[in-house]
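Below is one structure, written out as structure tokens; comments come after it.
In what follows, residues are counted from 1 in the order of the sequence shown. Order of appearance sets the numbers: ligands from 1, and atoms from 1 within every ligand. For the numbers below, each heavy atom of this structure counts, side chains included, while hydrogens, waters and symmetry mates do not.
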Amino acid sequence: MQPSMFNVRVPLEERSDVFLMNTLTDAQLIVSGDVMDLLDRMSEPGFAPADETEREALFTLAEHGFLVDSRDADRQNIEAFFSDVHESREQLRVTVLTTLQCNFACDYCIQGDHGDYNKHAAKMSMESAARVAEWTEARLDALQPAQLALTFFGGEPLLNLPIMYYLAERLFASCQARGIKTSINVITNGLLLTPEVIDRLLPCGLNGVKITLDGDRETHNRMRPLRGGQGTFDRIVQNIRNIAGRCKISIGGNFDESSVDSYPALLDFLAEQEFADQLAKVAFKPIIREPQPAKAKGVISLTAVNNSGKPLNGTCMTSAGTATNACDSCHVLDEKMSFLREETKKHGFPTVDGVHMGPCEIHKRHAHTIGPDGSLYACPGFAGNAKESTGHIDGRSDAFRSGAAARFEQLRAWHECDDCPFIPVCAGGCTAAAYTELFDMNKPNCHKPSFEAGIIALAREAARSLEPAMA
Ligand code: SF4
Ligand code: SF4
């Protein structure tokens, strides 16, 4: 046997132990330096355990997946893992874009009001919503999952409330009739969020809402103004106050170099609010921007949204990259992201650990994103980009959609990641970011430093909470 390529080790400061994790099995152990020596000696020719203690240590390591028969076994295991993720029937995930319209004019989002965008932005009709419901019911019957995970997204989904209510109520009833659990999430800018909206969705299985705050009051108001230019921070915070205690609330935020330093002040502000302990998750990620021809001094070059000038193909950046939370290859931003993650923890808020970030839903066969006109997409990051539509709820067959579906089906960016130990939790990074930044969705979009920072933080936490497993 030999050590698995998915082992990651972090020496623990102020003690002689080592944190050892296998990213494929998710096993985590704190072991002594002797165990590390033992692992290293395994690659020496003619290796054999010296005594019973070493034999037992090897047995425990093998049991947790830290040892495999060969590198080929690692490769087979990872392919089997991704195949299981791809084929899992546990959940049917459906993300519905009720509209591409938005009431904000975010500087970084070309979808905001820069001209007459909203005049032309699509909005789902009741007729289309009925077809979405029928299509989803047919998927429920075919798949018989344990749960329907329904997400409302946009644009700003609350600008089309009748469609949201209709789909939530009808699909909840459909799930009830089939003995399937429903979990509804809403990703919103928070401006139109009221207790009435929450109370209407709660009986349908509302799990939570995700709201975006882009820094402290001043910074958020600069980054996320109304279409008329007015600030939105106070009203959003008041809305959060009003709904606190009714459902799970997550706070997301998009930062760039001009706004990142205001996030600690936002965290201070949130920690002082009476709803602080009601926040289920707080997590921030870098804004994705089109690359500028000449980089201005002091501005980090960010990822293109797409070449035709739409942010991740027409969807709001609020939740793009939800799984990897990393849609940019700039290491400075990786460091900032790690810094903000630690700051968020210091303020006492639950957040992502920076390691368990994927595989995201683009790798799942039974995860679908539906645009306002009924077009299907591989994930929210491609929604609105008609040429990457993978199908349509009415079953129409177009060569371009079949071609796109085949392209997404063949995604294996991690095949270019050699023996990176983070493949099981990264899968080669955000495909939508690779598409826009590297112009090739099959290329890895790498944020290894962010994973490395995440694993160090995880090791420190484990050291605080775990006793040594092996002397
Ligand atoms: S490819 Fe990117 S945008 Fe799409 S689901 Fe994955 S992380 Fe999110
Ligand atoms: S994209 Fe980078 S971090 Fe992710 S699996 Fe590939 S090499 Fe590893």
Side-chain angles (χ1 to χ4, degrees), residues 5-8 23-24 74-75 78-79 81-82 85-86 91 93-95 97 149 151 153 185 187 210 252 254 283 285-288 303-306 310-331 334 337-338 352 354-371 376-385 388 390 404 407-409 411-438 440-455:
M5 66 184 257
F6 303 118
N7 293 350
V8 192
T23 59
L24 182 61
D74 268 329
R75 302 268 177 223
I78 192 67
E79 293 305 322
F81 168 75
F82 280 120
V85 167
H86 190 249
Q91 256 191 350
R93 300 179 65 86
V94 178
T95 299
L97 277 66
T151 301
F153 183 39
N185 286 286
I187 297 166
K210 180 180 172 190
N254 311 297
K285 65 184 172 56
I287 290 167
I288 298 176
T303 313
V305 173
N306 78 16
K310 283 201 170 183
L312 278 193
N313 314 312
T315 63
C316 179
M317 295 310 304
T318 297
S319 79
T322 45
T324 62
N325 280 317
C327 297
D328 190 276
S329 59
C330 173
H331 291 184
D334 279 338
M337 203 151 50
S338 312
V352 292
V355 178
H356 298 89
M357 308 301 279
C360 68
E361 68 175 63
I362 205 165
H363 302 290
K364 299 174 184 175
R365 185 195 290 278
H366 303 299
H368 310 271
T369 296
I370 306 176
L376 292 162
Y377 298 93
C379 84
F382 287 91
N385 181 352
E388 294 301 345
T390 53
R407 283 196 295 282
F408 283 104
E409 192 63 27
L411 283 178
R412 300 284 186 280
W414 65 87
H415 282 180
E416 293 197 18
C417 295
D418 299 324
D419 56 356
C420 173
F422 296 109
I423 291 173
V425 288
C426 174
C430 173
T431 306
Y435 178 88
T436 53
E437 178 185 331
L438 309 171
D440 185 350
M441 65 169 86
N442 293 298
K443 292 266 177 236
N445 183 264
C446 189
H447 292 269
K448 205 169 185 174
S450 182
F451 281 104
E452 286 167 347
I455 203 115

Is any side-chain heavy atom of [X] less than 4.5 Å from a side-chain heavy atom of [Y]?
X      : Y      : value
Phe81  : Glu79  : no
Val8   : Glu452 : no
Glu409 : Arg365 : yes
Arg407 : Glu388 : yes

message = Does the plane of the ring in Trp414 sit parallel, tilted or perpendicular to the ring in Phe82? Use 30° and 60° as the thresholds.
response =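 Geometry flag for Phe82 against Trp414: parallel rings.
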ask   = For atom 6 (Fe) of ligand 1, does an N/O/S atom of Cys360 lie at less than 2.8 Å?
value =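 True for Cys360.
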task = Return yes when at least one N/O/S atom of Cys417 is nearer than 2.8 Å to atom 8 (Fe) of ligand 2, and no when none is.
result =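 It does not: Cys417 brings no N, O or S atom closer than 2.8 Å to atom 8 (Fe) of ligand 2.
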Show the atoms of ligand 2 that are less than 4.0 angstrom away from any heavy atom in [X].
X      : answer
Pro444 : 1 (S)
Cys420 : 3 (S), 5 (S), 7 (S), 8 (Fe)
Cys446 : 1 (S), 2 (Fe), 3 (S), 7 (S)
Ile423 : 5 (S)

task = Determine, stepwise, if the pair Lys364 / Val85 fulfils side chain to side chain contact (heavy atoms under 4.5 Å, CB included).
result = CA-CA 6 Å; Lys364 299 174 184 175; Val85 167; 3.9 Å; yes
request  = Compare Ala413, Gly358, Cys430, Gly428 and give the one whose heavy atom is closest to atom 2 (Fe) of ligand 1.
outcome  =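 Answer by nearest heavy atom: Cys430.
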key: Within reach of ligand 1, part of Cys379 (heavy-atom separation under 4.0 Å)   =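 Only the side chain of Cys379 comes within reach of ligand 1.
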request  = For Thr431, take its heavy atoms, then give the atoms of ligand 1 lying under 4.0 Å from any of them.
outcome  =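 Contacts of ligand 1 toward Thr431, numbered from 1: 1 (S).
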task = Classify the contact between Cys426 and ligand 2 as side chain, backbone, both or neither, using a heavy-atom distance cut-off of under 4.0 Å.
result =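 Side chain only.
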request  = Tell me yes or no: between the side chains of Asn254 and Lys285, is some donor less than 3.5 Å from an acceptor?
outcome  =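 Lys285 and Asn254 do have a side-chain donor-acceptor pair below 3.5 Å.
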